[in-house]
There are 2 protein chains.
Amino acid sequence: MEQRRADTIAEALEERIFDGTYSDGDRLDEVRLAEQFGVSRTPFREALQRLARSGLVELVPRRGAFVRQPGPVELIEMFEAMAEIEAVCGRLAAMRISDEALAALQDANVKCEAAVGCQNPDGYYTENERFHRIIYEQSGNSYLTTEANELHRRLKPFRRQQLRLRGRMAQSMAEHKAILDALEAGDPVAAAETLRGHVAIQGEKFHSLMATLKRVTEV
Amino acid sequence: MEQRRADTIAEALEERIFDGTYSDGDRLDEVRLAEQFGVSRTPFREALQRLARSGLVELVPRRGAFVRQPGPVELIEMFEAMAEIEAVCGRLAAMRISDEALAALQDANVKCEAAVGCQNPDGYYTENERFHRIIYEQSGNSYLTTEANELHRRLKPFRRQQLRLRGRMAQSMAEHKAILDALEAGDPVAAAETLRGHVAIQGEKFHSLMATLKRVTEV
DNA sequence: GTCAAGATTTTTGTATACATGACGGGCATT
DNA sequence: AATGCCCGTCATGTATACAAAAATCTTGAC
């Protein structure tokens, strides 16, 4: 699959939005940025439109493109949607998961535990992501899988913060175990419930999220 | 909100794809169609990219834009996803729905029943859509609402066929009643279950869907 | 008659030029 | 001094021109 220039530009812009180079409300000047990327306005505008579709920028007619970071309400809604969609994937996966996938989940979990032991948040994060993506995949529904992956990607920057919470990794491991048990038992209801609880933002996680939000938006 | 030309073109193309003017695999010639719409290639390409993001068109680099109708597998997956997302919306709505929304749902249902009495499928269809959109809205989650509306829109052409099934409208009414009861009772589980069952493609509905699919793709 | 390689043509991707609508500053009026 | 209007400047939206890649056609050899 050949890569258009607009694709690479979109990725670069996305990266800059995620890492905070551009923050909420910033206008993305077409001529200046196109020049900076070494392309003309045409492919750059293509990239902007793609980002607009993912919701990262807002395209106001005749006024330009503006960075659109999710606010507190939007973020909470996205986390809730993530929890519900993961629950759905888990429900379906409980009825459809393959033995290979179950083994892969177990493998991811083992490596997660190892990462916890080594105080290695990055390793934990990588394997945790694999764990979840396997469940999306095993829903056996590519539409849901795509949606789940997309939401997962957008929440990535905020999710990462959650792991910093004291004792969060250990608790998360216990929840993974419960999820795995439900999937092995082929219990759709239990799989859905445990996954929803695992992903949902509640209690201390909520305050933590709000705190990081403040830090991001106030800079 | 000002409308770009690319927007109107995208809508027109979408319409033509839905109504079968263009069918699966057709190439959308940039110069010919842009001329036909009376615009240059630039806004027309914008429209193509938008359609590509909705999944109606596939943009193959260096080869062009091709109409991408969902195949049987994809359609079944989309209907399943719709059923699951509606179930989620129902679950949340059962906990959050307002009295006004409940009244609106009842109103939609009454008008549905009237339409059934008058043998008026169009009227039924309109009110049925309103019924479902209210439930999406009352999930209290705008992300889910957007996703649900989008899926609903894409499945519209296929859903319409389902209503032609003998006795389908009457059965559907009974299901609406059960959904309404669950929402009134504030029972999340019942709301989710009844909605999932209502939307899911199963039994005769499945064969009917396959039949319409054949008719569409073989023309 | 078939297949292959080169030339031609068509078409996509990108750059640039042009036109129209938006924002801001300055001036006049109250 | 404040407000409203007008004009200049600039950015966006669109058209057109150019370049590169793919598809097609032609021609020649086996």
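In this text, all values refer to a predicted model and were calculated from it rather than measured experimentally. Here is how names work: the chains are called A, B, and so on, in the same order as the sequence lines, proteins then strands, and each is numbered from 1.
Residues Arg154(B) and Glu150(B) are not paired through a salt bridge, judged by the lack of any N-O separation under 4.0 Å between the basic side chain and the carboxylate.
Asp26(A) contributes no side-chain N or O that, together with a main-chain N or O of Tyr22(A), makes up a donor-acceptor pair within less than 3.5 Å.
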Sequence neighbours left out, cut at 3.5 Å: what donor-acceptor pairs do the side chains of residues 93-105 of chain B make with other protein atoms?
{"residue": "Arg96(B)", "atom": "NH1", "partner": "Glu80(A)", "partner atom": "OE1", "Å": "3.1"}
{"residue": "Arg96(B)", "atom": "NH1", "partner": "Glu80(A)", "partner atom": "OE2", "Å": "3.4"}
{"residue": "Arg96(B)", "atom": "NH1", "partner": "Ser139(B)", "partner atom": "O", "Å": "2.8"}
{"residue": "Arg96(B)", "atom": "NH2", "partner": "Glu80(A)", "partner atom": "OE2", "Å": "2.5"}
{"residue": "Ser98(B)", "atom": "OG", "partner": "Glu100(B)", "partner atom": "OE1", "Å": "3.4"}
{"residue": "Ser98(B)", "atom": "OG", "partner": "Ala101(B)", "partner atom": "N", "Å": "3.1"}

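To the nearest angstrom, C1' of dT14(D) lies 16 Å from CD of Glu35(B). Distance Phe44(A) CZ to dG13(D) C1': 15 Å, rounded to the nearest Å. Here dA11(D) presents its P atom at 15 Å from CG of Leu48(A), a figure rounded to the nearest Å.
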Contact pattern, 5' to 3', of nucleotides 8-16 of chain C - B, S or - by protein heavy atom under 4.0 Å: ---SBBBBB
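Applying the salt bridge (charged side-chain N to carboxylate O under 4.0 Å, His left out) test to every pair with at least one member in residues 64-78 of chain A, sequence neighbours left out, gives these pairs: Glu58(A)-Arg68(A).
Counted within 6.0 Å of CD on Gln36(B), heavy atoms from surrounding residues, nucleotides or ligands total more than 12; the atom is thus considered enclosed.
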